[in-house]
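Order of the sequence lines fixes the chain letters, A, B, ..., with proteins taken first and strands second; residue numbering starts at 1 for each chain. What you are looking at is a predicted structure, and each value in this text was computed from that prediction instead of being measured.
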Amino acid sequence: MSLNPHQRAAIKEINHPLLVIAGAGSGKTRVITHKIAHLIDQGLAARHIAALTFTNKAAREMKARVGKLMDSKALRGLTVSTFHSLGLDILRREHKALGFKASLSIFDEQDRLALLKDILEHSKHPCNPDKLPHYAWQIGAWKNDCLPPEQILAQADAEQQPAACLYEEYNRCLKAYNAVDFDDLILLPVQLFQEHGEILERWQHKLRYLLVDEYQDTNQTQYRLLNLLTGPLGRFTVVGDDDQSIYAWRGARPENLQRLKQDYPRLKIIMLEQNYRSTGRILKAANALIRHNPHVFEKKLWSAYGFGDPIRVLSHADDLAEAQQIAADILHHHFQHRTQWHDYAILYRSNHQSRVFERALREQRIPYKVSGGPSFFSYTEVKDVLAYLRLFVNQDDDAAFLRIINVPKREIGPTTLEKLGAYAQQRHISLFSACFELGLEQHLPARATARLKGFCEWLVDTADRAQRGDTLGVLEEFIDRIEYKDHLQNLAASPKQFERKWQNVRELLDWLGRLIEEEEDAGGKDILSAVVAKIMLMDVLERQRDDSAQDQVTLMTLHAAKGLEFPHVYIVGMEEGLLPHHKSAEETTNDTSTPEDLYIEEERRLAYVGITRAQKTLTFSYCRQRKRYGEVNDCQPSRFLEELPEEDLEWPEKSTLSPEEKKARGKAALANLKNLLNET
DNA sequence: TTATCCAAGATTTTT
DNA sequence: TCTTGGATAA
């Protein structure tokens with residue numbers, strides 16, 4: 001397909017910083033990939049170009065698509081990666097300037113929580129242990145806003161003071177463990193560049209043009225990184241859509257779109273409004289819905305395709321009926337129109353809604369896949385094995401140490417660890433180092449010390465052999481040696497569960513094998529270290545590479561659906577309280593500026609994302625009653641249904657209430673709920 | 001140190 | 001309703 005004039009303009013514009021406002025389905029990935037090709041044609045070497053995405057999947061896809069445009073020789077050295085991978089790359093190369101060793105560990109969310117808990121238990125912070133998740137969230141939020149501890153401590157009010165102290169202590173511990181968390185992968189490079197002009201210059205020299213996908217999802221720190229890397233000239237193209245910003249709750253700052261105008265006066269803005277995905281009617285509905293949000297960049301999607309079928313709105317007695325009828329509807333439609341199963345998607349607000357649909361689809365013998373859900377790396381067995389690997393690479397990684405020191409059982413229990421921890425804390429050293437200190441024997445019984453030492457020696461020995469060669473062989477052997485398989489068998493509730501867990505371990509090892517090979521081919525040193533760091537940044541989607549080829553109905557959350565498209569889309573659970581979801585009382589009080597409105601706006605964008613996934617037909621559904629946590633509740637249809645053009649809806653059960661009455665009811669119900677939450 | 005029971009809490013989640 | 005983690009007993 002050829003490019004339209006706007007797309008072509010976006011590709012040719014290379015002398016000004018460029019913002020492309022790209023509506024859903026307007027071919028934004030095509031713009032980025034063609035622009036990379038264009039830049040190379042203009043004589044800029046591929047190694048000076050970087051395209052940044054948020055997910056591994058997006059990066060992979062982009063790589064594949066550029067690969068189709070140009071031959072691989074011209075693309076050598078091109079960077080197409082996630083923000084986090086780029087950050088890791090920078091950290092691994094510049095670790096000395098930041099005072100880290102090359103063998104970094106990466107802490108995930110669980111590691112962060114465990115570390116914070118440990119800090120609270122071992123030192124006398126004035127923090128309430130019950131609010132641990134809140135502190136973890138707060139620290140992440142500060143890091144996403146590019147605010148290091150020193151700055152927070154200086155400006156924190158009395159209420160924030162405890163969390164600020166905790167933040168500082170937490171960072172100190174990370175440093176001591178030679179570890180960074182996910183947010184540090186962006187924040188530390190920013191700090192590095194701010195403090196070391198010569199290093200920044202080197203990187204600016206290396207990366208001379210940056211392209212960013214899903215720009216509306218950048219947070220403050222990522223924006224700053226972009227700022228620094230592209231320099232005052234602003235050699236970048238960023239592509240985004242403010243209407244598809246659905247990650248503000250995670251620190252994304254869609255206002256980064258507007259900020260560009262102020263920070264780069266030379267900025268050019270190009271709008272892509274022609275949609276190559278949906279029927280006119282679906283776009284009309286999407287435009288109508290999103291008009292209810294305030295806009296800085298007015299845009300209106302249009303399509304050269306036909307107007308299409310009316311949008312259906314189905315009403316059901318309860319969630320069970322909803323699932324069964326939609327399964328029946330898909331079955332019927334499938335046979336009537338001779339479609340493929342993968343033409344259908346069922347989208348919902350929250351994961352727990354998938355259950356009842358899974359059952360209904362199974363009963364109708366409709367093949368399906370559930371996308372999303374728990375990440376591969378959230379499984380205990382995967383985390384355990386990874387913890388061992390992290391320790392092989394970096395023995396000071398206390399989070400990993402604590403995780404597996406007694407897994408499988410080695411008769412090293414809480415009492416021993418308690419004493420070891422206190423000792424390590426007092427000497428300001430890692431748990432691993434503490435095991436070898438002579439002074440430790442005064443605090444612990446000889447048997448316990450011997451066991452600890454024995455384990456540590458084995459660890460060093462294994463790590464050594466793994467680093468010297470036949471890395472994968474050593475890894476296979478160590479799984480055997482610690483009798484992890486037996487451990488899983490003992491732990492598992494059923495043979496089936498055991499099978500699954502063991503399978504996960506095998507899969508992890510397969511991956512490691514592949515990554516090790518890749519790394520060896522690339523001729524890198526420190527192979528194990530590189531591989532372990534890389535695997536921490538991967539996600540479950542990597543596994544589904546093969547799945548996607550199968551003919552199955554897709555079930556997923558609206559969040560997960562961003563960037564995808566399906567001929568026939570069902571958006572289910574269109575109810576007040578579910579699709580605008582009710583927020584917890586705590587969060588409501590946290591925000592300062594009209595939180596209620598901002599919140600509804602993001603929920604509306606979520607609905608917008610859902611609608612714009614549909615190519616040919618779109619069906620909404622809601623329940624009059626829904627079972628929640630075992631309790632039956634009455635539901636009202638979502639206010640968003642009222643915001644769609646009535647003449648395009650086929651809504652047989654539309655209630656007799658006027659829109660105003662409904663809106664009032666919805667608001668009242670929400671207010672009521674908030675009061676209830678506040679009181680308790 | 002390990003096994004078992006009970007209570008709390010349950011949006012979304014790119015890395 | 002279901003899962004997960006913490007407290008308690010053996």
Checklist entry - Under the criteria of a ring-centre distance below 5.5 Å and an interplanar angle below 30°, is A:His581 stacked with the base of B:dT11? => result yes

Checklist outcome for this item: Among the nucleotides B:dT11, B:dT2, B:dT12, whichever has the atom closest to the side chain of A:Thr557 is B:dT12

Checklist entry - Centres of the A:Tyr247 and A:Trp249 rings: under 6.0 Å? => result yes

Checklist entry - Hey, are the side chains of A:Leu116 and A:Ile139 touching, using non-hydrogen atoms and a 4.5 Å cut-off? => result yes

Item to check | Phosphate-side-chain proximity, A:Asn351 and B:dT11, N/O vs OP1/OP2 below 4.0 Å | outcome: no

Checklist entry - Considering the options A:Tyr167, A:Trp137, A:Tyr170, which one meets the ring-ring contact (aromatic ring centres under 6.0 Å, His included) requirement together with A:Trp142? => result A:Tyr167

Checklist entry - Of all residues at least two apart in sequence or in a different chain, which pass the side-chain contact (heavy atoms from CB on, under 4.5 Å) check with A:Glu483? => result A:Asp486

Checklist outcome for this item: A:Ile535 CD1 to B:dT15 P, in whole Å, measures 13 Å

Checklist outcome for this item: Regarding the side chain of A:Asn406, the nearest nucleotide among B:dT1, B:dT14, B:dT2 is B:dT2

Checklist entry - Counting any heavy atom closer than 4.0 Å, what does A:Lys534 reach on the DNA or RNA strands: base, sugar-phosphate only, or nothing? => result nothing

Item to check | Protein-nucleotide distance (A:Leu558, atom CG; B:dT11, atom P), rounded to Å | outcome: 16 Å

Item to check | Value in whole Å for how far the C1' atom of B:dT15 lies from CD of A:Gln110 | outcome: 15 Å

Checklist entry - Among the nucleotides B:dT12, C:dG6, B:dT13, which one has an atom lying closest to any side-chain atom of A:Arg250? => result B:dT13

Next on the checklist: When you compare the ring of A:Trp249 with the six-membered ring of B:dT12's base, are the centres less than 5.5 Å apart and the planes under 30° from each other?
Outcome noted: yes

Checklist entry - Using the purine O4'-C1'-N9-C4 or pyrimidine O4'-C1'-N1-C2 torsion, is B:dT12 syn (within 90° of 0) or anti? => result anti

Checklist entry - A:Ile405 has an atom CD1; how far is it from atom P of B:dT1, in whole Å? => result 12 Å

Checklist entry - Taking CZ from A:Arg60 and P from B:dT14, how many angstroms apart are they, rounded to a whole number? => result 13 Å

Next on the checklist: I want to verify a distance call: between B:dT1, B:dT15, C:dC2, whose nearest atom is closest to the A:Arg355 side chain?
Outcome noted: C:dC2

Item to check | Closest-nucleotide ordering on DNA chain B, the 5'-leading residue of A:Leu185 and A:Glu411 | outcome: A:Glu411

Item to check | Reported CH2-to-CZ distance for the pair A:Trp203 and A:Arg93, which is rounded to 0.5 angstrom | outcome: 5.0 Å

Next on the checklist: More than 12 heavy atoms of other residues, nucleotides or ligands under 6.0 Å from CZ of A:Arg359: yes or no?
Outcome noted: no

Next on the checklist: Quick check for you: among B:dT12, B:dT15, B:dT2, whose closest atom lies nearest to any side-chain atom of A:Leu537?
Outcome noted: B:dT15

Checklist entry - So what does A:Ile412 hit on the nucleic acid, given a heavy-atom distance under 4.0 Å: a base, only sugar-phosphate, or nothing? => result sugar-phosphate

Next on the checklist: Starting the side chain at C-beta, find the nucleotide from B:dT14, B:dT15, B:dT12 nearest to A:Phe182.
Outcome noted: B:dT15

Checklist entry - DNA chain B: A:Arg451 or A:Thr82, which has the more 5' nearest nucleotide? => result A:Arg451

Item to check | Under 4.0 angstrom between A:Asn219 side-chain N/O and B:dT15 OP1 or OP2 | outcome: no

Next on the checklist: Could you tell me how far apart A:Lys562 (NZ) and B:dT11 (P) are, to the nearest whole angstrom?
Outcome noted: 22 Å

Checklist entry - Where the side chain of A:Tyr247 is defined as all heavy atoms beyond and including C-beta, which of B:dT13, C:dC2, B:dT15 is the nearest nucleotide? => result B:dT13

Checklist entry - Once you round it to whole Å, what is the distance between C1' of B:dT13 and CG of A:Asp181? => result 16 Å

Checklist entry - Which whole-number value in Å describes the distance from A:Glu602 CD to B:dT13 P? => result 13 Å

